[in-house]
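Below you'll find the structure, written out as structure tokens, and then a few comments.
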Amino acid sequence: MNTTSQTGRRIVVVGGVAGGMSFAARARRLDESAVITVLDRGRHVSFANCGLPYHLDGEIAEGSALTLRTPESFRPSGIDVRTGHDVVALDPHARTVTVEISGDGGPRTETIAYDELLLSPGGRTIVPDVEGLAAGFASGRVRTLRTVDDATGLRADILAARASTAVVVGAGFIGLETAEALAAAGLEVALIQRSEQILSPLERELAHLVAEEAARLGIRVLTGRQLRAYRPGTGEGDVVVLDDGTELAADATVIATGITPDTDVFAAAGIECDAGAILTDEHGRTSMEHVWAVGDATARPTAVTGVTRATALAGPANRAGRLVADAMLGANARPLPPAQGTAVVRVGALTAAMTGANRAELDAAGTEYETLHLHPLQHAGYFPGAEQIHLVVHIGPDGRLLGAQAVGRDGVDKRIDVIATAMRGGLGVADLIDLDLAYAPPYGSAKDPVNFAGMLGENVTSGLVRLWHAAEAADLDGAVVLDVRNPDEVATGTLPGALLIPVNELRGRLGEVFAAAGNDGARPVRILCASGVRSAAAYRIIDQAAAAEGLQLDVATLSGGMLTLRAWYGDDVRNLLAVPEGAAA
């Protein structure tokens with residue numbers, strides 16, 4: 001029997017799922033007397049929206065598994081969850097919301113009063129304004145993937161063999177996961193991305209690796225293209241037309257072009273927003289008294305650059321719901337932390353993960369930084385199954401950790417989680433050297449990839465090593481390019497005109513380097529190897545020898561080596577590299 005008193009403060013929550021339901025559960029634990037009402041326009045108030053793509057190919061077999069809790073399951077705790085309730089107006093002065101209620105008897109409206117209001121409206125899919133697309137939505141052959149019904153409906157079409165070709169528009173997290181699931185279900189899939197790379201938050205050199213994996217899965221990846229028109233078929237399937245004239249058969253089309261905050265009603269009521277996202281203080285208060293907000297539709301300062309923007313991630317939304325409940329109900333309220341943006345995605349056999357700021361964000365903010373590229377093994381090399389992790393770490397001149405990303409087959413998530421924790425704790429890159437991380441041959445190395453990142457970062461910030469980067473490789477006029485790989489490696493391609501001296505021969509052939517540099521240091525020396533390890537050693541050899549000879553040489557080592565360079569240029573690398581005469585076959 002429900003013994004909760006109905007004489008306490010009236011708390012209304014708009015929107016469930018991560019932020020709203022986390023708030024409601026915490027609010028009930030803090031105040032047994034509160035009258036808590038949750039309003040949600042959909043049929044499911046608590047579901048795993050991050051799990052929707054995994055239902056399409058049956059990896060999550062039952063659609064019901066995506067529904068975490070039902071409205072009925074909240075009743076024993078005295079939380080009144082009302083689905084099919086769409087909030088269409090807010091009067092913050094009268095402290096009321098107006099809802100349009102769907103259901104038997106047709107839609108009707110109701111006004112609900114509150115003492116405190118929590119907004120968790122989330123986002124809505126950005127649907128391109130494209131000729132014919134509305135007809136596709138009307139027929140059910142064009143869908144978004146935001147609800148359980150979206151996922152179960154598309155899954156039903158696949159099982160009923162009504163779809164053999166699919167087009168996914170948008171190659172972000174959901175778009176990639178959806179494309180992979182549809183390909184695994186046996187469909188012929190094309191993935192369309194407006195920008196020049198998939199997964200736009202991922203650095204270019206890592207996104208190339210993910211795109212290669214998507215292609216291996218049979219997904220046709222088309223970047224730098226946009227949807228221009230959708231042409232409903234007359235029995236032979238529909239056609240998606242791209243801006244370059246490409247036509248794609250599409251029994252099913254999924255629009256995954258990102259989301260925008262679903263806040264029009266609240267902005268119209270005077271709630272202060274930025275680019276549609278609700279602005280809050282550090283405890284979730286909006287610009288209106290007694291109105292609070294959490295989740296994908298809110299804007300918070302980012303941890304690294306301080307730029308205020310929305311961050312659409314389930315983890316921060318869940319945690320924010322708890323913190324805002326604490327602030328509203330007078331518990332030991334801690335401030336909402338700035339958004340760090342830690343995220344992970346699986347694509348085929350690869351995992352891609354990230355935390356903090358990427359290169360584009362740092363450039364936009366005018367932040368000075370250096371980028372470290374490493375390719376360590378995820379566990380001891382002598383233990384079977386060793387695989388490379390491709391790791392990118394951005395650091396400030398003082399060694400501050402600004403962001404990290406990684407792609408690999410194994411061990412990626414835990415390395416990014418460690419760096420994310422270090423960033424939250426205020427550690428610098430050199431502190432990564434001394435992190436005492438778990439080691440056994442199947443799990444890691446005595447020097448973990450995170451430790452290696454710290455070592456390289458300390459070398460860079462202390463001036464022991466200077467880096468040059470793959471983006472510079474197309475314009476090295478006047479530089480001496482020194483390739484310190486072995487002849488059989490050089491035979492796979494190097495930069496034109498490179499001086500070829502294996503690192504083990506370098507000490508005996510330094511005169512060749514100095515002569516090529518002009519002895520007076522007129523020409524810079526740019527060193528490269530396979531992954532950056534041997535070229536860093538070569539840097540130290542040359543730098544110290546030059547100092548002993550009284551030479552002022554401009555020397556730098558390629559960050560990440562040829563592995564990073566090839567990924568940076570992708571298919572265009574074939575136009576950049578050459579095989580020197582006499583190189584080993």
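Keep in mind that this is a model prediction, so the values were computed, not measured. Side chains included, hydrogens not; waters and symmetry mates left out as well; all remaining heavy atoms used.
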Flag, side chain of Ser559 to backbone of Thr371, donor-acceptor distance under 3.5 Å:
yes
Return yes if a side-chain donor-acceptor contact under 3.5 Å exists between Gln197 and Ser195, otherwise no.
no
Kindly say whether Arg540 contributes a backbone atom to a donor-acceptor pair with the side chain of Gln544 at under 3.5 angstrom?
yes
So, Glu212 versus His208: side-chain donor-acceptor pair below 3.5 Å or not?
yes
State, to 0.1 Å, how close Val347 and Glu180 come at their nearest heavy-atom pair, and which atoms those are.
CA-OE1, 3.4 Å
What I'd like to find out is whether the side chain of Leu176 reaches to under 4.5 Å of the side chain of Val210, using heavy atoms alone.
yes
Checking Asn575 against Tyr569: is there a side-chain donor and acceptor pair closer than 3.5 Å?
no
Within a 6.0 Å radius of atom CZ on Arg216, are there more than 12 heavy atoms belonging to other residues, nucleotides or ligands?
yes
Thr564 side chain to His373 side chain, donor-acceptor N/O pair below 3.5 angstrom
no
Indicate the atoms forming the closest heavy-atom contact of Ala422 with Leu401, along with that distance.
CB-CD1, 4.0 Å
Output every pair passing side-chain hydrogen bond (donor to acceptor under 3.5 Å, both in side chains) with a member in residues 414-431, not counting sequence neighbours, ordered by first then second residue.
Arg415-Asp448
Side-chain heavy-atom pair Tyr439, Lys447 within 4.5 angstrom cut-off:
no
Any sub-3.5 Å donor-acceptor pair from Arg400's side-chain atoms to Asp398's backbone N or O?
no
Distance alone, cut at 3.5 Å: any donor-acceptor contact between the side chains of Thr355 and Gln340?
yes
If you take all heavy atoms of Ala317 and Gly295, which pair is closest and at what distance?
CB-CA, 3.9 Å
Examine distances only and state if a side-chain atom of Glu282 and a backbone atom of Pro337 form a donor-acceptor pair shorter than 3.5 Å.
no
Would you say that Glu370 contacts Leu467 through its side chain, given a criterion of any heavy-atom pair below 4.5 Å between the two side chains?
yes
Hey, does Val513 have a side-chain heavy atom less than 4.5 Å from the side chain of Leu506?
yes
Any non-hydrogen side-chain atom of Val189 less than 4.5 Å from a side-chain atom of Thr178?
no
Are side-chain heavy atoms of Arg526 and Leu482 found at a separation under 4.5 Å?
no
Could you go step by step and tell me if His379 and Tyr443 meet the ring-ring contact (aromatic ring centres under 6.0 Å, His included) rule?
CA-CA 5 Å; His379 63 53; Tyr443 300 105; 8.5 Å; no
Hey, are the side chains of Leu435 and Asn451 touching, using non-hydrogen atoms and a 4.5 Å cut-off?
yes
Is the shortest side-chain heavy-atom distance between Glu472 and Leu558 below 4.5 Å?
no
How about Glu203 and His390: does a side-chain donor come under 3.5 Å of a side-chain acceptor?
no
